[in-house]
There are 2 protein chains.
Amino acid sequence: MRDRAIPEATVGRLPIYLRSLVEMAERGASTVSSGDLAEAAGVNSAKVRKDLSYLGSYGTRGVGYDVAYLIHQVRRVLGLTQDWPVLIAGAGNLGHALSNYKGFTARGFRIVAIVDNSKGKVGERIGSITVEHIDRLGQICRREEVAIGVICTPAAAAQEVADRMVAAGIRSILNFAPAVIAVPDHVSVRKVDLSIELQILAYYEQRKAVIEAVKGGRGAALDLAGVP
Amino acid sequence: MRDRAIPEATVGRLPIYLRSLVEMAERGASTVSSGDLAEAAGVNSAKVRKDLSYLGSYGTRGVGYDVAYLIHQVRRVLGLTQDWPVLIAGAGNLGHALSNYKGFTARGFRIVAIVDNSKGKVGERIGSITVEHIDRLGQICRREEVAIGVICTPAAAAQEVADRMVAAGIRSILNFAPAVIAVPDHVSVRKVDLSIELQILAYYEQRKAVIEAVKGGRGAALDLAGVP
DNA sequence: CAGTGTGAACCTTTTCACAGCA
DNA sequence: TGCTGTGAAAAGGTTCACACTG
């Protein structure tokens, strides 16, 4: 297989493979089979092979994949051979945590600015960065060529911040605010919502409890919605 | 439609609908159509109707859904009519941010303990909770009947913490550590990986740049892997 | 007659299974 | 012989379109 669009589901797994591959390289591995990589990434080997086949035929039959070369290819496809200037909006708890998060810089994401709308926050230093007022967002984005905006504000401010980011030319947004934001088609949004994740876990947790109750013969009166 | 398993994709959207519904209720809405809810949740109306149909036939043709009643049903299905004791492992930046996050308590997730393995952290107060040593994880889980464990440790510690949680009887884990963790079948894991989200955005961002270059006629020599 | 509920069509993703190659 | 690469089948998810009803 050569070129053309990589399925979304695959794009979502490439960073996981990449992380596993980098760990393997650090441990001195020079080749890896789809089975090994599958185990490290927590998926099955057929999926690994299909996913990697979208990048090209980089494996050797009977042997596996060259770790260093595969790392290079995955990085290239994901666009990690360049570094990406990131702006964070919202200097609350989460904004702080993200600003200090080593995992970003390690992977080529350079936090170039943190903005906030509150007098109390502007001027504060977080790591090596000074919090600036959100009204400067446009200038900052142009000056630093910011590619990715991260929203760490309360839900009520999320849409307005997103609008400002879009106006400033940002085309990729990572939204941590617990709110749905509307953006034009050409802008990509990914969202991370902590309490949604917990709610999903609660569903499955509850389901297990109900199943157990039924198995134990105590379930006659229980509501079974969602139990297989 | 009555009872039985709700598709995963639908479970993932129910919390979003719930949030929109609660906002609508606060604004005084008493009924809502699938179209309204779809707009608020950022999906299309057919999806909303299909999703809600898995809960039962709670709508009224020609009218829509009763907001309060639907909120109740979604909460019931998700298991949010009870509260869930949560334990956080790792009192670093992210552990702090999560502990202080109001969105959890607001939705019935009660943080009952924070554990860490470092002398420096144990004894520290975060909000109303005192950080305890991770060796007490088992006792705490039993005493507080912890249902959900949240891993906010560095990647290197994630698997061991997960093992301890599983040993302590936890069956639902939310993993923020940038590592794949292995758990037995009966344990649900959801993961949130900040740098993976950025890497996915980088892929699409790069793709846009390449497409533009091609449109501008400057793309002959560019590598087009992943461009539709 | 506006808006739900849902079969049926369609698209995406996963899994299977095996031919083909180092 | 061992492992990749990939068609084909199966499963899962989304969208369409319309019969039905309050």
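Below, chain A is the first sequence line, B the second, and so on; all start at residue 1.
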Item checked: B:Ser34 side-chain N/O to C:dT4 phosphate OP1/OP2 under 4.0 Å -> yes
Next item on the list: Find which nucleotide of DNA chain C each of A:Ala46 and A:Val63 is nearest to by heavy atoms, and output the residue with the more 5' nucleotide.
Entry: A:Ala46
Next item on the list: Scan side-chain atoms only and decide if B:Tyr101 and A:Asn93 contain a donor-acceptor pair under the 3.5 Å cut-off.
Entry: no
Item checked: No-hydrogen, no-angle side-chain donor-acceptor test under 3.5 Å, B:Thr31 and B:Asp66 -> no
Next item on the list: Apply side-chain contact (heavy atoms from CB on, under 4.5 Å) to A:Tyr17 and A:Val48, showing your working.
Entry: CA-CA 8 Å; A:Tyr17 299 152; A:Val48 169; 3.9 Å; yes
Note to self: If I take atom OH in residue B:Tyr65 and atom P in nucleotide D:dG22, what distance separates them, rounded to the nearest angstrom?
What the structure shows: 14 Å
Notebook entry, point to check: Backbone N or O of B:Asn100 within a donor-acceptor pair of the B:Lys102 side chain at under 3.5 Å?
Noted result: yes
Check: Is any side-chain nitrogen or oxygen of A:Asn44 closer than 4.0 Å to OP1 or OP2 of C:dT15?
Finding: yes
Next item on the list: Rounded off to whole Å, could you give me the CG-to-P distance for the A:Asp66 and D:dC3 pair?
Entry: 16 Å
Margin query: Side-chain N or O of A:Arg49 versus OP1/OP2 of C:dC16: is the shortest distance under 4.0 Å?
Written below: no
Next item on the list: Give a yes or no on whether a donor-acceptor pair under 3.5 Å exists between the nucleobase atoms of D:dT15, that is its base, and the side chain of B:Lys50.
Entry: yes
Check: Atom CG of B:Leu55 and atom C1' of C:dT6: how far apart are they, to the nearest Å?
Finding: 15 Å
Check: Atom CG of A:Leu14 to atom P of C:dT13: distance rounded to whole Å?
Finding: 13 Å
Note to self: Is it the case that the base of C:dT4 and the side chain of B:Arg61 share a donor-acceptor contact (distance under 3.5 Å, atom types as modelled)?
What the structure shows: yes
Check: Counting side-chain heavy atoms from C-beta on, which of C:dT6, C:dC18, C:dT14 comes nearest to A:Ala9?
Finding: C:dT14
Margin query: Check the phosphate of C:dG3 against B:Ser33, side-chain N and O only, distance under 4.0 Å to OP1 or OP2. Yes or no?
Written below: no
Item checked: Any donor-acceptor N or O pair under 3.5 Å, side chains A:Thr10, A:Lys47 -> no
Next item on the list: Would you please confirm or rule out a distance under 4.0 Å between OP1 or OP2 of D:dG13 and any side-chain N or O of B:Tyr54?
Entry: no
Notebook entry, point to check: DNA chain C: A:Lys47 or B:Gly35, which has the more 5' nearest nucleotide?
Noted result: B:Gly35
Item checked: Whole-Å gap separating P (D:dC3) and CD (A:Glu39) -> 14 Å
Check: Given atom CD of A:Glu8 and atom P of C:dT14, what is their separation to the nearest angstrom?
Finding: 11 Å
Notebook entry, point to check: Over how many whole Å does the gap from B:Tyr58 atom OH to D:dT21 atom P extend?
Noted result: 20 Å
Next item on the list: Grab the CG-P distance between B:Leu52 and D:dT14 for me, whole Å please.
Entry: 14 Å
Note to self: Heavy atoms only, 4.0 Å cut-off, all strands: where does A:Gly59 land among base, sugar-phosphate and nothing?
What the structure shows: sugar-phosphate
